[in-house]
Trainee: 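Provided herewith is a single structure, encoded as structure tokens, for subsequent inquiry.
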Amino acid sequence: MTEKYVPGPVEEKWQRLWAEKRVAYVDTAAPGNEYYLLNMYPYPSGSRLHVGHGRNYILGDALYRRERMAGRKALNPMGWDAFGLPAENAAIQSGVHPREYTLANIARMKEQLNALGCLYDWSKELSSCDPEYYRWNQWLFLRMWERGLAYRKTAPVNWCPGCRTVLANEQVVDGRCERSDDLVEIRDLTQWFFRVTDYAERLLEGLDRLPHWSDRVKTMQRNWIGRSDGAEILFRVDGLTEPVRVFTTRPDTLYGATFLALAPEHPVVAQLAGRSEATRQREIEDFVERVRRESRLEREAEGGAKEGLDTGFRAVNPATGEPIPVWLANFVLPDYGTGAIMGVPAHDQRDFEFARRYRLDVRPVYRTDEGDVDGAAMTEAAPHGGVLYRSGDWDGTPSGPEAIRKAIAWLEEQGFGKGKVGYRLRDWLISRQRYWGTPIPAIHCPSCGVVPVPDADLPVRLPEDVEFRGAEGNPLEKSPAFVQTRCPKCGGPARRETDTMDTFVDSSWYYFRFLDPRDAEKIVDTARVDRWLPVDQYIGGIEHAILHLLYARFVTRVLKDMGLVNLEEPFERLFNQGMITRLNPATGKIEKMSKSRGNTVSPDELIARFGADTVRLYTLFIGPPEKESEWSEEGVLGAYRFLNRVNELCLRVEALPAEGTDGPRDGALARLTHQTIRRVTEDAAEFHFHTAVAALMEFQRGITEALDAGGETPAALRFAARTLLQLLHPIAPHITEEWWQRLGGRGFVLESAWPLYDPELATPTAVTLVVQVNGKVRGKLSMARGATESEAMAQVRADERIRSWVDGKEIMRTVFVPDRLLNLVVR
RNA sequence: GCCGGAGUGGCGGAAUGGGCAGACGCACGGGACUUAAAAUCCCGAGGGCCGCGAGGCCCGUGCCGGUUCGACUCCGGCCUCCGGCACCA
């Protein structure tokens, strides 16, 4: 009898029609229109985002459809961050070329995105492994090189033995490779870097101008940049012509500096060793070697033993003029500050531990009873224990910002140092010793040195004749056709650079390229950027909070400084969707859904059984999108049931006699309709599709009940049903298009105007007034909206039950909140 | 340790310019339809206590305290969990 909703044919039909009409394609827009550029980018060859359980695609598509219905010009492009290790590792394992593997992945993901009904503007599609894309990575690299923002240096770098490549600091998590989880080693290698530290301050202060980013992400970036204000102080060291520079945040404690400690990697250590007698020299060299062998994890582990070695040299404390010993210490890091510290044991816990272990002097500068280091422990350990070296604080100023300012002023006046800001952020290491990435456009010439590839020779293409085997290093090195070249300067034989770029270079500027991905003349079109950017809404997982989002902000500033774009912040609004979790049958724990954990649900299978609309509806209904949500099989059924109720409702509305076309002006159903429009409009604006779905479920039930009860005109019922379809469309686009057409709607729902509500009709006429006695709910009154306190009191007096709480007592006061509550305070 | 976020039924979660705690859904129980089952639809439900019953009372949003006529919401102090940072000078 009833016609059930059968998913499949309906989806196919509408996906075909949308494709024919190219509904996602909105290229040029008339001035004065509102723009909306959504951005998402997947890793087709990687494992970070997956269709079907990364909910950002469905969320983004629902958002896109809503914006479109609201009449805003929107561009919904798709880019593939297609370089990277997984494709190369697959090549090593299976022998399939990374390109083939990647293209197959892209094709499969496209199929899945289309199966979900996601509308992308495929005319704007780009892929980072396309030479026409990566040539601009190379172009950008050359411009940065010219500006001193790309450079080569030999430095201790993070080496992942599993990936057989170096990693940026950002890619090392807890001493392990972010991707392969291998323990990261420190190696000395010459590598290419981007000078992101030059932009540390601009990247930091720009965060204050991003009100639509979450505090969470902004805090993570602030921590990562890690600004600290302090001073650089010069310490004269016996036997050295140049003073050793020290960074400190507490120059006001200079009087208490009782030793100097250098990182074993500090450049002057070799000089000191060279000037020592043989035994001492060997001690120094052994110590340096031992510290260097520690892995990054060991070196950074908290509570690790503080190892040190006295060099035998003396420095001079500029404040006291007294000699202090120069030590090497494993806890002093070579790449933070200046790689050298002044040890102030009385006011720094770490320095204190070191001093106690090696029996060094401890000199308090100011009272320590409330100070930085436990006073009793210090008194016990220090030869000068508890005795104030200098009575009072800096120049009599109590320790604090004022004392620090005075100390810096004194240092500058005396020429002993100056105020300085330090950052935790390090330069971005972009070299990777792998094949599947953008070749760095540089040539090593025996006579001219490292020479840039001329622009005319771009792109430097990846060679095809490359073999992928296990453990023999970068495959590019074994391609003679690639490596052997001529020097662009002198024409002599030269070697091509074989390092490729970190894939985060690809994703740090692709959102500009979307505007015209096939522009062969220039990297970006400034006029188009002015028109479309910043990206109105960026959607991505929290895992990009530091890496990708920091690099993108950096590169945008570089492009601005080059005069190519007129903005510093590429993403106006950032939304970080939470992950979907699911019980892992193997471990019995609830874990984030991922292929590697084997707890994914197959989107293909679910779509085949329940249709794309069910999958979309459930994914959006499962919980607030910014939080994690647990996937449940039964929940999918609930979503499917709802769509079937909508189908059933539409069947009944279709069968109504044709009569009149005007929507009703008022009446209970019209009021419910306008209330629902308001709820869904407001919820969707905050991405809260889960509460929008709840409102739509109530709405469906309301219309069905109105049908059962009779009393509403067919026109009113049609109006309600069609509004339901419009509001539901961004969430379940296929079934709503189908019924929109069958119920006589014009064109696509997608192209119908988003319904507007009448504020008057959206507000209920009758309200429930809560009656409290001494703050406890004792009754409820049904009142007309806008009823006065005296009207409410009259009803209270007529209410037996409420009166029983009031009778015999004195009403001290009443609190009346119109349309909400009446509180009687009695005694 | 520092920074950020979060603690609400059996479960996912609603409700914070202070004002009916638990919308909506899942799971569960009961009923209708059916020879039966599935599917579907309807009803019920935070916990405790009183009452044959209609119904009524008390407690309840991590814990303790405060402000207020009134606190999931605001303030103070804790606890737990999640995330980030951390020998960072």
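Note: hydrogens, waters and symmetry copies are ignored here, and every other heavy atom, side chains too, is used. On a predicted model such as this, the values are computed, not experimentally measured, just so you know. Residue numbers begin at 1 in each chain, while the letters A, B, ... track the order of the sequences.
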Trainee: Can you say whether a donor on the side chain of A/Glu634 sits under 3.5 Å from an acceptor on the base of B/G25, or the other way round?
Mentor: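 Counting by modelled atom types and ignoring angles, no donor-acceptor contact under 3.5 Å is found here.
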Trainee: In terms of the nearest nucleotide of RNA chain B, which residue is placed more toward the 5' end: A/Lys776 or A/Arg216?
Mentor: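 Checking each residue's closest nucleotide, the 5'-ward one belongs to A/Arg216.
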Trainee: Report yes if a side-chain nitrogen or oxygen of A/Arg701 is closer than 4.0 Å to either non-bridging phosphate oxygen (OP1 or OP2) of B/G25; otherwise report no.
Mentor: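 Yes, within the criterion.
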Trainee: In dot-bracket notation, what is the pairing pattern of RNA chain B, taking Watson-Crick (N1-N3 plus N6-O4 or O6-N4) and G-U wobble (N1-O2 and O6-N3) contacts under 3.5 Å, with [ ] crossing and | for other strands?
Mentor: (((((((..(((......[....))).(((((.......))))).(((((....)))))..(((((..]....))))))))))))....
Trainee: How far, in whole Å, is B/G9 from B/G5 if one measures between their P atoms?
Mentor: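 That atom pair is separated by 23 Å.
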Trainee: Check if the side chain of A/Asn223 and the base of B/C85 share a donor-acceptor pair of N or O atoms closer than 3.5 Å.
Mentor: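 Flag unset: no donor-acceptor pair detected.
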Trainee: When we call it a touch if two heavy atoms are under 4.0 Å apart, what does A/Ile622 touch: a base, just sugar-phosphate, or nothing?
Mentor: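 Sugar-phosphate contact only.
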Trainee: Hey, do the aromatic rings of A/Phe354 and A/Phe259 have their centres closer than 6.0 Å?
Mentor: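 Aromatic pair counts; centres sit under 6.0 Å.
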Trainee: Applying salt bridge (Lys or Arg N to Asp or Glu O under 4.0 Å), name anything that partners A/Asp229, two or more places apart in sequence or on another chain.
Mentor: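 Scan of A/Asp229 (salt bridge (Lys or Arg N to Asp or Glu O under 4.0 Å), adjacent residues dropped) gives A/Arg227.
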Trainee: On RNA chain B, check which nucleotide each of A/Tyr336 and A/Phe621 is closest to and give me the residue with the more 5' one.
Mentor: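 Its nucleotide being nearer the 5' end, the pick is A/Phe621.
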Trainee: Of A/Leu254, A/Thr248, A/Thr249, A/Thr253, which is the lone residue that meets side-chain contact (heavy atoms from CB on, under 4.5 Å) with A/Pro251?
Mentor: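 That would be A/Thr248; it is the only one of A/Leu254, A/Thr248, A/Thr249, A/Thr253 passing the side-chain contact (heavy atoms from CB on, under 4.5 Å) with A/Pro251.
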Trainee: Does the gap between the ring centers of A/Phe689 and A/Phe621 come in under 6.0 Å?
Mentor: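 Centroid separation for A/Phe689 and A/Phe621: 6.0 Å or greater.
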Trainee: Under 4.0 angstrom, heavy atoms only, what part of the nucleic acid is A/Arg222 near: base, sugar-phosphate, or nothing?
Mentor: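 It contacts nothing in the nucleic acid.
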Trainee: So, does the side chain of A/Arg350 form a donor-acceptor pair with the base of B/A89 at under 3.5 Å?
Mentor: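 Per atom types, the contact qualifies.
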